[in-house]
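Structure first, commentary second.
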Amino acid sequence: QVQLVESGGGLVQAGGSLRLSCAASGRTFSTYAMGWFRQAPGKERELLATINWSGTTTYYADAVKGRFTISRDNAKNTVYLQMNSLKPEDTAVYYCAARFSYLPQANVAYWGQGTQVTVSS
C-alpha cells in the first residue's frame, strides 16, 4: 500500500513557476514508476509526465514538454514536478500517481488526492 500526498499548489501569475511535491508513505515507493496528471473543469484527466523507478528515464506530454520537469528523490520518498512558464490553460487539479511503468499507457496503482493550481492571466 502506498499513500500519496501532494503539496505546492496555489495561485500564480502567467509566466511564473511552481514546484509540486508528492510525498509517499510505504517502503515500496522506490519500486514504482511515478507520474503527474491534471484535470481541468469539464475535461478528462490527462497524463503530463512520468519517471521510472530509478529516475533515469522520463516521459512528457507535448503540452508540457520543455516547461515542466519531473524528478524524484527515493531517499525522501518524494516525486516533484517543476512547472515553469505557466499559462492560464495550465489551471487544473494536479495529481500524482504511482504506476507500474513509466510508459504512458501503464496503469495507475495509487492516486494522490490532488492539489489545485490556478494560473491568472
When you compare the side chain of [Y] with that of [X], does any pair of heavy atoms fall below 4.5 Å?
X	Y	result
Leu20	Val117	yes
Arg45	Trp111	yes
Tyr95	Leu4	no
Tyr60	Ile70	yes
Gln116	Thr91	yes
Tyr94	Glu6	no
Phe68	Leu81	yes
Asp90	Met83	no

Is a salt bridge present between Lys65 and Asp62, judged by a nitrogen-to-oxygen distance below 4.0 Å? yes

How long is the gap from [atom1] on [X] to [atom2] on [Y], to the nearest 0.5 Å?
X	Y	atom1	atom2	result
Gln1	Thr28	CD	OG1	9.0 Å
Met34	Asn52	CE	CG	12.0 Å
Lys87	Ser121	NZ	OG	14.0 Å
Thr56	Tyr102	OG1	OH	8.5 Å

Sequence neighbours left out, what pairs pass disulfide bond (SG atoms under 2.5 Å apart) with at least one residue falling in residues 12-121? Cys22-Cys96

Are more than 12 heavy atoms from other residues, nucleotides or ligands located less than 6.0 Å from atom CD of Glu44? no

Should we say atom CD of Gln3 is surrounded by more than 12 heavy atoms from elsewhere, each under 6.0 Å from it? no

Mind checking whether Trp53 and Val79 sit in one hydrophobic cluster, side chains of I, L, V, M, F, W, Y counted as touching below 4.5 Å? no

Test: Arg72 cationic atom under 6.0 Å from Tyr32 six-membered ring centre, within 45° of axis: no

